[in-house]
Amino acid sequence: MQGLPPRGMRDFYPDQMRTRNWLFSRWRESATRYGFEEYSSSVVEQEELFILKSGEEIVSQLFNFTDKGGRRMALRPEMTPTFARMIAAKGGALAKPLKWFSIAQCFRYERMSKGRKREHYQWNLDVVGVPEVTAEAELLAVALDALGGLGLSAKDVVVRISHRGLMGAVLEGLDIAQESWTGVFGIIDKRGKEPDETLWKLMEAQGVPESTIRALFSLLDENTFDPFYELLEQKGLPTASVEDLRTLFGYLEAYGVRDYCEFSPSIVRGLPYYTGIVFECFDREGTFRAVFGGGRYDSLLELFGAGPLPSAGLGFGDVVIQEILQEKGLLPGLSRRIDFFLVPFSQEERVQAFRTVQQLRKQGFYCDLVLNAKKLKGALREGARLRAKRVVLLLPDELKQGLLVLRDLESGQEERIPEERFLADPGRFLQDDSNSPSRRT
RNA sequence: GUGAGUGUAGCUCAGGCGGUUAGAGCACUAGGUUGUGGCCCUAGAGGCCGGGGGUUCGAGUCCCCUCACUCACCCCA
């Protein structure tokens, strides 16, 4: 088929654009209400910016090119490096703590599957300069506020929370050899996706003794912190990760979002730069990819030449959330808004129609009018297709008497009214005054 | 990168063992007599049946190749 966008890229036709704008406005509204400030940047960056953060392997996943000056460039695969660059460039000039957000289009060159395109928009929220888990609590509160605004409750979605330092300490506490940690992490991450029996065999293949596997699996089933704390304390290992988690859950309770959240030790997250709390949000049925994810990255900004800046962030993509809302029937039936649709009977009445429609538009009404020479019949059909609330007919005989004909498309009723009187208060002809300009905020 | 599935009208799809001018519904356009939409009726327009090759008297249909899309795996936002 011709006319399709490049692989993995999306066209937004007006219907889809309405939905997208609606989603973005929910994001933007929540973020600003929670005190986050919006920022933006170009989608193109120097390739090395991404290599600096993620290593050479990232290059194969980039949409990259050489510009005419021979510089290696790339479309951003995520917003965090750009964010870090911007923060570092301003050095100490920025007052901390700092709370910024962006709705950024990101690109990634890879195979597509459900919930995954080569291009998406991501709502990014970051808090810089806060070493305490108050940052994470605030991030989760704002993301869950947005989810609530989109119609998803704690019955629909769950945030699984863990700590980067926790599993490492646990593996150490269980005396699992350091060289098999990477493999073991990978197996832990598969928990819930593969049957335990399979995972058990994989663990054995890693050389983990049976008794240790049993201990590890029973720990993974825990949703309280005590067994972890006891294990770490008993082995003389740092317990900071468990304490962070305890504190965070206390804060989440106070924020009123505790019922969305659960402790889930197997959450690890792929990105290497996380240093503390990590979290991912899923639909409760588990049929979709993660809705959002994030965590603490205390050493990342230093990589970019900023001083030590404890930070936490969150990324929330537009693809998965729309799939979930679609499946749950929560996408609103958005339609374009036309208050008045003006129909000049013939070319004779056109100029008059232009004058009238401009007066309505200046008053703040949403108006359209017939642009093609068209019979009355076709014009009315066009008005109906646009779902115009009222059609304003400019008919020769009535116009000679200074009268406009207002037609209600739903009831079919018509009213003849002097133009001056109509323009003095057009809003009273729109029955449901909830949409009239005077009621708009 | 591996595996599977699907490509026929703008959209959703039909086209039993190969057989004459390729079908439906929706959408679109125009009519159904002077200046009135939705419903109904009539008509019209719209297809290199994804592309290429092969088998055959004959291919939308069978075979091979290729491309595109979708899903799963991998990886990850």
Side-chain angles (χ1 to χ4, degrees), chain A residues 1-10 13 15 50 53-55 57-58 60-63 75-83 102-125 186 189-190 193-194 268-274 278-282 287-295 313-321 323 341 343-346 348-349 370 372 374-400 403 405-416:
Chain A
M1 268 309 185
Q2 290 183 341
L4 295 174
R7 187 201 290 272
M9 307 299 174
R10 296 173 294 167
Y13 286 87
D15 276 347
F50 304 118
K53 203 199 81 177
S54 310
E57 325 81 69
I58 192 77
S60 64
Q61 304 262 300
L62 289 175
F63 260 103
L75 303 182
R76 62 180 174 220
E78 54 164 332
M79 197 57 176
T80 308
T82 298
F83 173 76
S102 189
I103 297 172
Q105 192 179 21
C106 301
F107 298 83
R108 201 138 178 149
Y109 193 86
E110 65 173 4
R111 272 269 187 259
M112 299 146 42
S113 59
K114 188 178 170 193
R116 209 159 180 83
K117 310 277 177 195
R118 286 182 168 187
E119 160 264 320
H120 75 147
Y121 287 88
Q122 196 180 50
W123 184 34
N124 274 260
L125 299 139
D189 193 49
K190 284 196 169 65
K193 295 171 194 163
E194 301 278 347
V268 180
R269 280 187 75 69
L271 292 168
Y273 53 75
Y274 289 114
V278 286
F279 51 82
E280 283 181 343
C281 175
F282 296 92
T287 51
F288 296 92
R289 288 174 177 279
V291 176
F292 66 76
L314 176 156
F316 185 148
D318 73 320
V319 178
V320 173
I321 186 66
E323 284 176 354
F341 184 67
V343 177
F345 179 70
S346 70
E348 301 287 311
E349 291 76 26
V370 173
N372 286 325
K374 205 172 254 188
K375 285 187 180 174
L376 207 45
K377 180 178 179 168
L380 278 166
R381 202 187 325 210
E382 189 178 338
R385 183 163 50 79
L386 296 174
R387 295 169 178 274
K389 295 198 182 94
R390 289 289 184 283
V391 173
V392 180
L393 297 164
L394 292 92
L395 304 176
D397 293 347
E398 283 81 351
L399 221 47
K400 275 172 207 151
L403 297 174
V405 178
L406 259 81
R407 185 178 177 85
D408 179 339
L409 285 176
E410 256 178 63
S411 66
Q413 290 188 338
E414 284 185 1
E415 188 174 347
R416 264 140 248 263

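In this text, all values refer to a predicted model and were calculated from it rather than measured experimentally.
One atom, CZ of A:R118, and another, P of B:C75, lie 18 Å apart when rounded to the nearest Å. For the pair A:Q413 CD and B:G37 C1', the computed distance is 15 Å after rounding to whole Å. Taking atom CD on A:E414 and atom P on B:U36, their separation rounds to 10 Å, with Å as the unit. When rounded to the nearest whole Å, the span between CG of A:L376 and P of B:A30 equals 14 Å. Note: CD (A:E410) to C1' (B:U36) measures 17 Å, nearest angstrom. Note: CE (A:M9) to P (B:C69) measures 11 Å, nearest angstrom. Going from atom NZ of A:K375 over to atom P of B:U34 covers 8 Å, rounded to whole Å. Protein atom CG of A:L380 is 16 Å distant from nucleotide atom C1' of B:C39, rounded to whole Å.
Between A:R385 and B:G37 there is no side-chain polar atom (N or O) within less than 4.0 angstrom of OP1 or OP2.
Proximity of a side-chain donor or acceptor of A:E119 to a complementary backbone N or O of A:R10 within less than 3.5 Å is detected.
Comparing A:K117 and A:E398 along RNA chain B, the residue whose closest nucleotide (by nearest heavy atom) sits nearer the 5' end is A:E398. Remark on RNA chain B: of its neighbouring residues A:S411 and A:G293, the 5'-side contact belongs to A:S411, judged by nearest-heavy-atom nucleotide.
Taking the C1' atom of each, B:G31 and B:A68 are spaced 41 Å apart, rounded to whole Å.
If you check every strand for non-hydrogen atoms under 4.0 Å, A:E110 touches a base. Heavy atoms of A:G412 sit under 4.0 angstrom from at least one base atom.
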Q: Before giving the answer on side chain to side chain contact (heavy atoms under 4.5 Å, CB included), spell out for A:L403 and A:D397 the whole-Å C-alpha distance, their side-chain angles and the decisive distance to 0.1 Å.
A: CA-CA 9 Å; A:L403 297 174; A:D397 293 347; over 6 Å; no
**Q.** Criterion side chain to side chain contact (heavy atoms under 4.5 Å, CB included) on A:V343 and A:V405, from CA distance to verdict
**A.** CA-CA 10 Å; A:V343 177; A:V405 178; over 6 Å; no
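In this pair, A:W123 and A:F316 present their aromatic rings tilted. The plane angle is within the 30 to 60° band.
For RNA chain B, the stems formed by at least three consecutive Watson-Crick or G-U pairs, with both atom-pair distances below 3.5 Å, span B:1-7 with B:67-73, B:10-13 with B:23-26, B:28-32 with B:40-44, B:50-54 with B:62-66.
A donor and an acceptor atom sit less than 3.5 Å apart, one in the side chain of A:R407 and one in the base of B:G37.
Around the CD atom of A:Q105, the shell of radius 6.0 Å holds more than 12 heavy atoms that belong to other residues, nucleotides or ligands.
Considering only residues two or more places apart in sequence or on other chains, A:R7 meets the salt bridge (charged side-chain N to carboxylate O under 4.0 Å, His left out) condition with none of them.
Side-chain proximity of A:R289 to B:G37, B:C74, B:U36: nearest is B:C74.
Figure legend: A:R118 and A:Y109 shown as a cation-pi pair, the cationic atom lying under 6.0 angstrom from the six-membered ring centre and within 45 degrees of its axis.
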